Amino acid sequence: MAMITLTVDGVEVEVEEGSTVLQACETAGKEVPRFCYHDRLSIAGNCRMCLVEMERSPKPVASCAMPAGPGMVIKTDTEVVKKAREGVMEFMLINHPLDCPICDQGGECDLQDQAMGYGGDRSRYQEPKRAVENKSMGPLISTIMTRCIHCTRCVRFSTEVAGVNDMGAIGRGESMEITTYLEKALASELSGNVVDLCPVGALTSRPYAFNARSWELSHTESFDAMDAVGSAIRIDTRGNEVMRVLPRVNDDVNEEWISDKTRHAIDGLKRQRIDRPYLRQKNGRLAECSWEDAFKAIQTNMKKAKASQIGAIMGDQCDAESIYALKSLMDKLGVSNVDCRQDGSVLGTSGGRGGYIFNSGFNGLEDTDYVLLIGTNPRHEAAVVNARLRRRWLNDGLDVARIGAPVDLTYPVKELGDDPSILMELADGKGPVATKLKRAKKPMIIIGQGALTRKDSAAILGAVARLSKETGVVTADWNGFNVLHTAAARVAGLDLGAIPGKGGMDTGGMLAAANKGDLQVLYLLAADECDLSAISKKTFVIYQGHHGDAGARAADVVLPGAAWCEKDGIFVNSEGRVQYANRATFPPGDARSDWSIIRALSAVLDKTLDFDTHAQLRAKMIAEVPVFAEADVLTEAKLGAIGGKGKIASTALTTPIGEGTGVSFYMTCPISRSSVTMAECIDAFEQNGMKGAAE
């Protein structure tokens with residue numbers, strides 16, 4: 001990329017050709033105020049707040065819209081610039097209401113900050129202020145449109161990033177208004193991001209409205225566990241209550257966006273919580289009990305059972321430490337019936353680590369020139385990853401093909417049908433898609449859980465392996481074989497080997513045995529996504545978790561654990577990126593961190609585990625699986641032989657989340673199923689026929 005040199009306030013700076021004057025000013029370390037400009041959106045040039053003085057220009061120029069040129073002389077702190085910015089700010093405030101004391105944006109408002117820094121000290125406007133009627137944008141966004149300064153950030157985000165053409169401007173001049181067409185709710189999984197983008201208080205969070213002020217909150221940097229993307233987030237708490245979740249900038253993973261479920265499902269942490277141990281009584285009801293009574297009941301039933309009659313299933317939001325602790329306990333008991341794959345996935349049995357991670361990384365989406373999606377709907381399974389795919393299509397015309405039921409991914413997709421046997425034809429080099437994969441410099445295959453939880457999944461993986469080899473998806477310098485997970489705990493569980501040992505049963509086998517009464521003890525570690533409705537009364541079920549969901553309803557003993565944001569824990573996202581999540585608050589009542597419950601139980605069972613503290617557990621786990629030692633690093637993994645031979649059934653390829661699956665984007669875990677906000681989203685977007693956000 002060619003570089004150009006210009007002068008900013010007497011300092012020579014070098015920037016890439018194609019940069020704007022505003023970017024050049026930032027390179028020189030000069031702060032330039034702005035409202036409409038945003039790094040990840042197209043340039044609008046609406047607000048004029050970024051005016052600077054340019055040599056040989058008769059008037060100040062908008063630095064966000066002016067391309068930087070060689071030899072330019074820019075001044076950002078002259079009297080002309082100061083007066084121009086004061087004039088722009090005066091116009092901004094002409095119709096802006098004096099709402100700061102009651103505005104949710106108060107304390108973190110760009111307009112407040114820039115009015116103090118760049119505005120004048122008085123107003124000359126005496127006429128009546130303009131008022132604008134508030135718009136309905138759904139259950140997540142509260143609108144006070146009189147505050148709107150027409151920066152159009154929300155319009156550009158919804159159109160360019162979210163891919164939902166529902167927002168725009170109507171009217172002209174003083175009559176201009178930002179609105180959703182036909183008073184329609186903003187139907188996107190990423191809609192909550194417009195609240196972060198709004199530089200004033202026109203768009204605020206409806207669930208968070210009037211709950212807290214920014215200066216009352218404590219901030220904890222962590223990672224999201226509502227899906228397998230591993231978005232960087234900030235958790236804001238007041239006392240022991242999680243008040244809101246906001247995105248952090250992480251260019252490698254989520255950029256600066258998060259999904260609506262990540263942002264708004266946190267009200268589910270306050271409802272249906274398990275805060276003390278429970279034991280099922282003779283009358284069939286669960287009743288509160290002490291930890292000693294709960295452990296004693298487990299000890300009694302464990303002693304009666306043989307190792308082959310005990311099973312353990314790990315849930316989708318478990319941290320690596322709790323999975324490691326439970327697996328270690330089962331190993332000491334001689335139990336090989338262990339599985340972290342609630343959905344029945346075949347991953348982890350072949351191909352090594354490269355066989356179950358997103359090998360090219362999410363950043364690899366910036367380099368690929370052809371993508372084939374198999375059994376996945378990234379819009380619902382990984383919304384911020386889908387936004388990257390959309391951006392590549394928007395900017396570079398990226399070609400995307402898909403095998404599975406057709407859905408709206410917000411960008412054009414070549415639909416190949418939902419018959420997975422198409423893979424055999426592609427592997428044989430037949431059809432235009434196989435030709436495009438071969439011609440592409442860096443082709444990519446993204447395979448989802450819809451293709452990995454079938455009886456013929458091994459054959460599907462085998463066909464994908466052959467296709468990858470034939471078309472150059474996997475080469476010496478490029479690995480385009482990518483698995484997109486839906487469970488935050490899955491990659492860590494596979495890294496720890498939490499799959500059946502020799503002669504052991506997987507999740508399906510354990511549930512079938514439990515239904516017959518052949519499995520005497522079933523340990524569910526926050527596992528709520530299995531079908532537990534037909535479990536025999538002969539099977540003693542232990543549930544350790546944080547919500548009164550499916551697992552707790554089926555349990556004979558309930559042990560209160562901590563939710564993902566209530567403990568320090570390691571999570572590994574789809575890329576295989578190790579992420580150290582931090583505790584933002586404490587679990588309620590008698591609930592404890594999951595690893596500590598398992599450690600205490602191991603002593604009662606006379607199988608005491610070899611650690612007493614969280615630090616000791618981590619050190620032992622890292623010694624056994626070194627990949628956990630390096631945080632936020634992509635470790636290259638070799639792809640071994642994956643899948644197997646066999647016939648691929650013509651049964652339609654589905655996705656784990658979406659229409660026809662029984663699983664809504666808004667309710668995929670116990671926390672989101674307990675969320676009132678997520679229930680309101682289902683009412684607004686699914687039951688009333690507005691299927692844009694969750695089809």
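Every value quoted in this text rests on a predicted model; they were computed, and no experiment measured them.
Residue E415 places its CD atom among more than 12 non-hydrogen atoms of other residues, nucleotides or ligands, all under 6.0 Å distant.
Minimum heavy-atom separation, L347 to G355: CD2-O, 3.4 Å. When all heavy atoms of A562 and H546 are compared, the pair lying nearest together is O-CD2, 3.6 Å. Taking both residues in full, the closest heavy atoms of D260 and S188 are given as OD2-O, 2.8 Å, listed atom of the first, atom of the second, then distance. The nearest pair of heavy atoms linking E566 to P588 is OE1-CD, 4.0 Å. Nearest heavy atoms, A527 versus L532: O-CD1, 4.3 Å.
When only modelled atom types and interatomic distance are considered, N165 and Y181 share no side-chain donor-acceptor pair under 3.5 Å. If you check the side chains of Q544 and D594, you find a donor sitting under 3.5 Å from an acceptor. Using modelled atom types and a 3.5 Å distance limit, the side chains of N582 and S222 yield no donor-acceptor pair. Under the 3.5 Å distance criterion, with hydrogens and angles disregarded, no donor-acceptor pair is assigned to the side chains of E381 and T655. Donor-acceptor pairing under 3.5 Å is lacking for the side chains of R248 and N254. Judged by distance alone, the side chains of S596 and S593 never bring a donor and an acceptor atom under 3.5 Å apart. No side-chain donor from either of R402 and N377 sits under 3.5 Å from a side-chain acceptor of the other. Side chains of D224 and T262: a donor-acceptor N/O pair is present below 3.5 angstrom, by distance only. There is no side-chain donor-acceptor pair under 3.5 Å between D166 and T180.
Rounded to the nearest 0.5 angstrom, M226 CE and C565 SG are separated by 9.5 Å. With rounding to the nearest 0.5 angstrom, the CZ atom of R454 is 13.0 Å from the OG atom of S345. Atoms CG and CD1, on L365 and I446 in that order, are 5.5 Å from each other to the nearest 0.5 Å. Remark: L525 CG to Y543 OH distance equals 8.5 Å, nearest 0.5 Å. Here the CZ-CD1 distance, from F481 to I445, works out to 8.0 Å after rounding to the nearest 0.5 Å. Atom CG of L203 sits about 9.0 Å away from atom CD of Q105, to the nearest 0.5 Å.
A donor-acceptor pair is defined here as one N or O able to donate and one able to accept, closer than 3.5 Å; no such pair exists between the side chain of T376 and the backbone of G448. Judged by distance alone, the side chain of Q342 and the main-chain N or O of E529 form a donor-acceptor pair under 3.5 Å. Looking at R234, its side chain never comes within 3.5 Å of a backbone N or O of V245 through a donor-acceptor pair. Within the 3.5 Å criterion, the main-chain N or O of R156 finds no donor-acceptor partner in the side chain of T159. Counting only distance, with no hydrogens or angles, the side chain of T152 and the backbone of V155 share no donor-acceptor pair below 3.5 Å. Side-chain N or O atoms of Q579 include one that pairs as donor or acceptor with a backbone N or O of G230 at under 3.5 Å. Between the side chain of N482 and the backbone N or O of S360 there is at least one donor-acceptor pair closer than 3.5 Å. Remark: the backbone N or O of A232 is not paired with any side-chain donor or acceptor of N250 at under 3.5 angstrom. Remark: the backbone N or O of W393 is not paired with any side-chain donor or acceptor of D396 at under 3.5 angstrom. Y356 places no side-chain N or O within donor-acceptor distance of the main-chain N or O of V483, the cut-off being under 3.5 Å.
A cation-pi contact, defined as under 6.0 Å to the ring centre and within 45° of the axis, is absent between K261 and Y666. Cation-pi contact between R592 and F586: absent, since separation from the ring centre below 6.0 Å together with deviation from the ring axis within 45° is not met.
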* To do: Check the pair R244 / E108 against salt bridge (charged side-chain N to carboxylate O under 4.0 Å, His left out), numbers first and verdict last.
  => CA-CA 14 Å; R244 64 179 180 178; E108 48 191 7; 2.9 Å; yes
* Assess whether side-chain hydrogen bond (donor to acceptor under 3.5 Å, both in side chains) is satisfied between N193 and R263, documenting all intermediate values. => CA-CA 9 Å; N193 291 289; R263 186 185 297 269; 3.0 Å; yes
* To do: Determine, stepwise, if the pair H264 / C681 fulfils side chain to side chain contact (heavy atoms under 4.5 Å, CB included).
  => CA-CA 10 Å; H264 290 296; C681 286; over 6 Å; no
* Are L186 and S158 close enough, and set up right, to give a side chain to side chain contact (heavy atoms under 4.5 Å, CB included), and what steps lead you there? -> CA-CA 8 Å; L186 190 58; S158 61; 4.2 Å; yes
* Asked: Checking side-chain hydrogen bond (donor to acceptor under 3.5 Å, both in side chains) for the pair E256/H38: CA distance, chi angles, key distance, verdict?
  -> CA-CA 11 Å; E256 57 186 273; H38 191 276; 3.1 Å; yes
* Using the side chain to side chain contact (heavy atoms under 4.5 Å, CB included) rule, take K135 and I144 through it: C-alpha gap first, then chi angles, then the decisive distance, then the call. => CA-CA 8 Å; K135 309 298 187 293; I144 304 90; over 6 Å; no
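For D495 and R353, the salt-bridge test passes: some basic side-chain N is under 4.0 Å from an acidic carboxylate O. R206 and D104 are not joined by a salt bridge, as no carboxylate oxygen comes within less than 4.0 angstrom of a charged side-chain nitrogen. We find that R391 and E366 are joined by a salt bridge, their nearest charged nitrogen and carboxylate oxygen being less than 4.0 Å apart. Using a cutoff of 4.0 Å between basic side-chain nitrogens and carboxylate oxygens, R583 and D568 are not scored as salt-bridged. For D339 and R341, the salt-bridge test passes: some basic side-chain N is under 4.0 Å from an acidic carboxylate O. Using a cut-off of 4.0 Å between Lys/Arg side-chain N and Asp/Glu carboxylate O, R577 and E630 are scored as not salt-bridged.
No side-chain heavy atom of R213 sits less than 4.5 Å from a side-chain heavy atom of R238. Residues V578 and D632 fail the side-chain proximity criterion, which asks for heavy atoms closer than 4.5 Å. Between I141 and S191, some side-chain heavy-atom pair lies under the 4.5 Å cut-off. Between I570 and D319 the shortest side-chain heavy-atom distance does not fall below 4.5 Å. Side-chain contact between R379 and V407 is absent, with no heavy-atom pair separated by less than 4.5 Å. Contact check for M167 versus I178: side-chain heavy atoms found under the 4.5 Å cut-off. Within the 4.5 Å cutoff, the side chain of H547 has heavy atoms near those of the I671 side chain. When side chains are defined from C-beta on, I403 does not count as touching L373, because their heavy atoms never get closer than 4.5 Å.
Evaluation of the ring-ring contact (aromatic ring centres under 6.0 Å, His included) rule for F362 yields F358 as partners, not counting sequence neighbours.
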Donor-acceptor pairs under 3.5 Å, side chain of residues 486-493 to any protein atom, not counting sequence neighbours: which ones?
unit_1, atom_1, unit_2, atom_2, d
R490, NE, C340, O, 3.3
R490, NH1, D343, OD1, 3.2
R490, NH1, D343, OD2, 3.3
R490, NH2, D316, OD1, 3.4

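The ring of W564 has its center no closer than 6.0 angstrom to the ring center of F571.
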